[in-house]
Amino acid sequence: KLGHEIPWDVRKPQPALEDAEAEGLVKGVVLDAGCGFGDNGIYLAKKGYTVVGFDFSEEAIEVAKKRAKEAGVEDRALFLVADALSLGESALR
């Protein structure tokens, strides 16, 4: 039941990100390192941004991809499996 009973799965963007976007501080292609279930990236993709998110958890990325598709933004939100601590050693997949 991944993505259904996890306390930090709030299914909405972080308030600080909403504020930054509203103030015009988000520009260009957005990189979301440690994206988890993709809430922030999906929010920004809905606003028209192109987003690349990554997380080391394959399960979290599966959920993020599913949610992006459900939100109709899979063309603007790319989610990949990668470990931020070893990006030089591993390929994004």
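Reckoned from all heavy atoms, side chains included, excluding hydrogens, waters and symmetry mates.
No path of Ile, Leu, Val, Met, Phe, Trp and Tyr side chains, each step under 4.5 Å between heavy atoms, connects L78 with L44, placing them in separate hydrophobic clusters. Cluster membership for F79 and V73, using ILVMFWY side-chain heavy atoms within less than 4.5 angstrom, is shared. At a threshold of 4.5 Å between side-chain heavy atoms, the hydrophobic network of Ile, Leu, Val, Met, Phe, Trp and Tyr places V26 and L31 in two separate groups. Under the 4.5 Å side-chain contact rule for hydrophobic residues, F54 and V30 do not share a cluster.
Looking at R76, its side chain never comes within 3.5 Å of a backbone N or O of T50 through a donor-acceptor pair. A donor-acceptor pair under 3.5 Å links the side-chain atoms of K27 to the main chain of G24, judged by distance alone. A donor-acceptor pair under 3.5 Å is absent between the side-chain atoms of D32 and the main chain of G53, judged by distance alone.
Rounded to the nearest 0.5 angstrom, L80 CG and E58 CD are separated by 12.0 Å. Remark: D19 CG to L25 CG distance equals 9.5 Å, nearest 0.5 Å. Note: I42 CD1 to E74 CD = 10.0 Å, rounded to the nearest 0.5 Å.
No option in E18, K12, Q14 other than E18 meets the side chain to side chain contact (heavy atoms under 4.5 Å, CB included) test with Y43.
The closest side-chain heavy-atom distance from V51 to N40 is not below 4.5 Å.
A cation-pi arrangement is present between R67 and F37, with the terminal nitrogen or guanidinium carbon under 6.0 Å from the aromatic centre and inside a 45° cone about the axis.
Salt bridge absent: K66 and E62 never bring a charged side-chain N and a carboxylate O closer than 4.0 Å.
Taking each heavy atom of I61 and C35 in turn, the nearest pair found is CD1-SG, 3.7 Å.
Looking only at atom types and distance, the side chain of E21 has a donor-acceptor partner in the side chain of Y49 under 3.5 Å away.
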